[in-house]
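A short write-up of the structure that comes next.
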Amino acid sequence: MYPDLAGKVVIITGAGSGLGKAMALRFGKEKAKVVVCYFPEEQKQDVDDIITDTHSMGGEAIGVFTDVTNEHNVVTLIQTATKHFGSLDIVINNAGIENEVPTVDMLLEDWNKVISTNLTGAFLGCREALKYMLEHNIKGNIINMSSVHEMIPRPHFVHYVASKGGIKLMTETLALEYAPKGIRVNSIGPGAIDTPINAEKFSDPDVEKLIPMGYIGKPEEIAACAAFLASEQASYVTGITLFSDGGMTKYPSFQAGRG
Ligand code: BGC
């Protein structure tokens with residue numbers, strides 16, 4: 001646990017399920033003030049449960065419907081959050097999507113949808129957070145959700161890898177640009193994590209062969225990275241991708257030492 005996170009205002013996009021939900025609950029446990037952004041509207045009931053759980057752990061939370069591809073939605077999100085909680089310390093740009101399509105069959109629509117959610121959505125979140133932090137002299141902290149696929153190529157997911165490669169250099173650039181203002185910008189690079197949308201894919205035992213540690217990660221193991229990066233314990237850390245992947249990025253096919 002990181003006591004300095006208590007009372008901090010944290011916005012988490014895509015927090016209605018999966019990794020975002022785990023991070024919302026972790027920050028709730030840290031007694032932070034959590035803005036649980038969700039999309040689509042159907043997640044409202046789950047978000048109400050996250051809010052109730054957060055309150056029972058000593059944190060505070062509100063839910064805000066946020067389509068990160070909509071510039072106006074993101075601008076309004078920062079206004080709503082700061083009006084409600086009075087400040088803004090941490091923004092986690094987590095909302096993301098993917099779909100499998102061989103490149104020759106990929107519609108421009110598929111490409112645009114993934115890029116506008118994963119990359120442009122994170123850009124808007126960064127830009128609006130930075131504006132607020134600079135204006136109010138806050139030495140805040142931004143975390144972008146990347147992936148092992150900011151470095152591992154992934155056939156049939158060219159839009160997804162392009163978005164995550166973009167997140168990597170966007171994070172590094174913003175870290176450099178705003179370091180003099182004391183604002184830290186980092187990414188998290190999850191590997192194969194056990195979230196509801198991945199359940200079917202990970203029932204294939206071959207997936208574990210890609211993971212030197214031999215198991216599919218838990219959402220809480222990603223939430224722990226977010227809490228660390230946002231905390232004072234990471235006060236000198238900026239511009240990195242913190243991979244939490246059981247070793248997936250370390251060329252598992254070389255594990256036996258051949259080559
Ligand atoms: C993707 C998952 C994938 C994992 C490992 C993540 O970025 O969202 O679908 O299983 O990388 O390949």
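Throughout, residue positions are numbered sequentially from 1 according to the sequence presented. In listed order, ligands and their atoms are each counted from 1.
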Just jot down the ligand 1 atoms closer than 4.0 angstrom to any heavy atom of Tyr160, in number order. 1 (C), 6 (C), 7 (O), 8 (O)
Electrostatic pair Arg26-Glu30, nearest N-O below 4.0 angstrom: yes
If you count the non-hydrogen atoms of other residues, nucleotides and ligands that lie under 6.0 Å from NZ in Lys21, is the total more than 12? no
Taking the side chain as every heavy atom from C-beta outward, state whether Tyr38 and Ile50 have any atom pair closer than 4.5 Å. no
How far apart are the closest heavy atoms of Asp89 and Met133, and which atoms are they? O-CE, 3.5 Å
Quick one: do Asp110 and Lys113 make a salt bridge, cutoff under 4.0 Å? no
Nearest to atom 3 (C) of ligand 1 by heavy atom, Glu100, Glu150, Met145, Arg154: which? Arg154
Within reach of ligand 1, part of Asn198 (heavy-atom separation under 4.0 Å): side chain
Which residue and heavy atom of the protein sit nearest atom 12 (O) of ligand 1, plus the separation: His149 NE2, 2.7 Å
Return the set of residues passing ring pair (Phe, Tyr, Trp, His ring centres under 6.0 Å) with Phe39 (not counting sequence neighbours), or none when no residue passes. Phe65
Which ligand 1 atoms, with their elements, are less than 4.0 angstrom from a heavy-atom of Phe202? 10 (O)
Under the salt bridge (charged side-chain N to carboxylate O under 4.0 Å, His left out) test, residues paired with Glu98 that sit two or more places apart: Arg154, Lys201
Would you kindly specify which portion of Lys164 sits under 4.0 Å from ligand 1, judged on non-hydrogen atoms: side chain, backbone, both or neither? neither
What is the nearest protein non-hydrogen atom to atom 4 (C) of ligand 1, stated with its residue, atom name and distance? Gly191 O, 3.6 Å
Do me a favour and list the nearest non-hydrogen protein atom to atom 9 (O) of ligand 1 with residue, atom name and distance? Lys201 NZ, 2.5 Å
Which atoms of ligand 1 are found less than 4.0 Å from any heavy atom of Ser147? 6 (C), 7 (O), 11 (O)
What protein heavy atom is closest to atom 8 (O) of ligand 1, reported as residue, atom name and distance in Å? Glu98 OE1, 2.5 Å
